[in-house]
Structures are given as C-alpha cells and as structure tokens.
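Values in this document were obtained by computation on a predicted structure and should not be read as measured data.
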Amino acid sequence: MPELPEVEVTRRGIAPYLEQETVSGLVLRREGLRWPFAPDLAQQLMGRKIEACERRGKYLILQFAHGVLILHLGMSGHLRILPPGIAPEKHDHVDLQMGQGAAARVLRFTDPRRFGAVLWHAHADGPWQAHPLLAHLGVEPLQEGFDGAVLHQGCRKRSAAIKQVLLAGDIVVGVGNIYCSEALFMARIHPKTPANRLSRARCDKLAGAIRQILAAAIEKGGSTLRDFLQVNGQSGYFQQDYFVYARSGQPCRVCQHPVRQLQQGQRSTFYCAHCQHW
C-alpha cells in the first residue's frame, strides 16, 4: 500500500498540472472503486477550477470553491499525468481532464485491486476535515505540530505495542508499516515496547526519527515494492536504503546481527534485537 511518502511524491508530481486548471472532462469506467462514485460527480466537477492539491495523511485532497475531491490510492493505485488520447488499459478506471487543446492534460487513476477511492465532499456538508475518513486522523508528522511532546502525551494511556499505536494513525498520521519499522530502528526502540513505557526522551528521539525517515523517503521518490509508480511512471528508490524492512535474516547494517521478523496485527515487523531495546 502506498504510504505517506508515496502519496506526497504523487501530490508533488500532479500539483503543477492541476492547480488553477479547469476540469474539462471526466470519464468513469466503473460505478466505483472501494465505494461508489457520486452519481452527480461530473456535474460537480465540470467547468470548475482546481484551486489547490493538498494531502491529509494518505489522502489526496483536490480543492474546489464548492467542495473537495478526496482520492485514496488503496492497496495498488497510482496516478499519472498524460496527454489526451492515450487509450486506457484494463485497470485505468478514472480520467480527469484539464484544459483544452495543446494545453490539455489527463489525470488517470489506475487501480488493479480497486481498493482506492474517489469521493466528493461538498462544503455545504461541513468542513472536509470532518469527513468520516479524515476526522480521526492525528497530526501530520512533517508539520510543526508534531514532536516528542505530542507523541509522549498520546502514548501515556496506551499499553499496546508502540508499533501498533503508531499504525493506528490517531496520534500521528501516515506512519505506515514500512516507515514505522525503519523509524523504530533509527530510534533504537523495540517494536513490542508498550507505548506507555516510553519516556519523554525516547519519544523525542522517535518523533525525530519519524520525521527524518519520511523526509528521506520523499526525497528518494518513495518505495516501490510491487505496484507503486511515480506520476512520471518511474519507481521510487528508498527501498535501497532500508535498514530493517524486508531484510529478515540479513545482517543488521549497524551491528551485523541478523534482522528478525515478527507478526503484529497481521503485518510483518522487522527489527534488530541487538540494537532495539524495550
């Protein structure tokens, strides 16, 4: 599943082609993806200007004067900017066209597993931040509102393993499975450590690691493990820099002890038992 760095890489790739452009066409090749498309979606979008392209956690937010289009890439989705006239392939489900003539461009949503989403939220229905998919999300890890104090306060009453608490996304948003393993390794914290046992100092270190890992992943274009591609069709390269993720049995890059793997909440966690402490 694309995580925060992959979604941010996507946002940066599509924003220059979308912002301040007017929607001139919409093609829906299915009735929906994970959820049905709004029946009046074309009516809501046609002739309307995209004012901004933002991100909230793993969601992309296309801002219009009268509402927002919420996009989620699901398990295997990706977006591309294409010139008009390129024939769709099997899993190309949505085309959003901007502009006319030589300046026309198409935003194409490809999603083989169809777990993604394209949802309309009108401003008349309330702030988009209160949408049921977004209302519970925690602070953005790359913004000034996230630090060790926020993390420590959120963990104080959580006895669950810190890995599970981070994945829940209600303290800090967007720290998915890959980058959670990497950040916990950088902070030298065992993934099964109860969240409420972390001191303020260790939370400071973990918050810094989260910010550093996510920023580095964005600069490398995210991670490409199976399906993720950047807007230009290229793969991300951060997977070449992993310290522990997907390296079970291989030597730790710090201490040379073998990286271990365990299951937490039906997801694989990778860690170094020598470097990471309870």
Taking side-chain contact (heavy atoms from CB on, under 4.5 Å) as the criterion, tell me which of T110, L26, L71 meets it with V94.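 Exactly one pass, corresponding to L26.
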Show the nearest heavy-atom pair for residues [X] and [Y], with the distance to one decimal.
X    : Y    : result
A207 : L151 : N-CD2, 4.1 Å
A117 : L33  : N-CD1, 4.2 Å
C203 : H152 : SG-CA, 3.6 Å
E6   : P2   : OE1-C, 3.7 Å
P5   : L214 : CG-CD2, 3.7 Å
D111 : G77  : OD1-N, 3.7 Å

Please determine whether the number of non-hydrogen atoms from other residues, nucleotides or ligands lying under 6.0 Å from atom CD of Q256 exceeds 12.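 It does: Q256 CD has more than 12 such atoms within range.
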CD/Q212: more than 12 non-hydrogen atoms of other groups inside 6.0 Å: no
Are [X] and [Y] packed together at the side-chain level, in the sense that at least one heavy-atom pair is separated by less than 4.5 angstrom?
X    : Y    : answer
N196 : K157 : no
I189 : Q276 : no
I86  : R108 : yes
R202 : R197 : no
T10  : L73  : yes
F146 : R211 : yes
V7   : K58  : yes
P112 : K90  : no

Backbone of [Y] reached by a side-chain donor or acceptor of [X] within 3.5 Å:
X    : Y    : answer
D147 : V150 : yes
Q20  : E51  : yes
H93  : H91  : yes
S76  : R113 : yes
E19  : C53  : yes
E182 : F243 : yes
R11  : G13  : no
E3   : N177 : yes
R267 : L167 : no
R30  : P36  : no

What is the distance from atom [atom1] of [X] to atom [atom2] of [Y], rounded to the nearest 0.5 Å?
X    : Y    : atom1 : atom2 : answer
L82  : Y17  : CG    : OH    : 10.5 Å
L206 : I213 : CG    : CD1   : 10.5 Å
I70  : H72  : CD1   : NE2   : 11.0 Å
T193 : L184 : OG1   : CG    : 8.0 Å
C275 : F185 : SG    : CZ    : 4.5 Å
I14  : M98  : CD1   : CE    : 8.5 Å

Show which side-chain atoms of residues 41-48 pair as donor or acceptor with protein atoms under 3.5 Å away, not counting sequence neighbours.
| unit_1 | atom_1 | unit_2 | atom_2 | d |
| --- | --- | --- | --- | --- |
| Q44 | OE1 | H66 | NE2 | 3.4 |
| Q44 | NE2 | D40 | OD2 | 3.0 |

Count I, L, V, M, F, W, Y as connected when their side-chain heavy atoms are under 4.5 Å apart, and connections chain through other members. Are [X] and [Y] then in the same cluster?
X    : Y    : result
W35  : Y59  : yes
L198 : V139 : yes
V9   : Y242 : yes
Y271 : I210 : no
L133 : V172 : no

In sequence, state the C-alpha distance, the side-chain angles, and the governing distance for L166 and I171, and then conclude on side-chain contact (heavy atoms from CB on, under 4.5 Å). CA-CA 7 Å; L166 290 177; I171 298 176; over 6 Å; no
Please assess I81 against L107 for the test side-chain contact (heavy atoms from CB on, under 4.5 Å), listing each intermediate value before the final yes or no. CA-CA 5 Å; I81 297 291; L107 176 69; 3.7 Å; yes
Residues 118-128 side chain polar contacts: donor-acceptor under 3.5 Å, at least two apart:
| unit_1 | atom_1 | unit_2 | atom_2 | d |
| --- | --- | --- | --- | --- |
| H121 | NE2 | G126 | O | 2.9 |
| H123 | NE2 | F64 | O | 3.3 |
| H123 | NE2 | G67 | N | 3.4 |

Can R188 and V254 be said to form a side-chain contact (heavy atoms from CB on, under 4.5 Å), step by step? CA-CA 11 Å; R188 302 298 188 261; V254 173; 3.6 Å; yes
Is there a side-chain contact (heavy atoms from CB on, under 4.5 Å) between R56 and V68 once you walk through the steps? CA-CA 12 Å; R56 181 72 174 104; V68 299; over 6 Å; no
Identify every side-chain donor-acceptor pair in residues 258-266 under 3.5 Å, counting partners at least two apart or on other chains, and give the distances.
| unit_1 | atom_1 | unit_2 | atom_2 | d |
| --- | --- | --- | --- | --- |
| Q261 | NE2 | S268 | OG | 3.0 |
| Q263 | OE1 | S268 | OG | 2.8 |
| Q264 | OE1 | T269 | OG1 | 2.7 |
| Q264 | NE2 | P191 | O | 3.3 |

Honestly, is R247 close enough over Y245, meaning NZ or CZ under 6.0 Å from the six-membered ring centre and within 45° of the axis?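 Because its charged atom misses either the 6.0 Å distance or the 45° angle limit, R247 does not stack over Y245.
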Classify the ring geometry between W278 and H190 as parallel (under 30°), tilted (30 to 60°) or perpendicular (over 60°). parallel
Test salt bridge (Lys or Arg N to Asp or Glu O under 4.0 Å), reference D92, set R114, R80, R29, output is R80
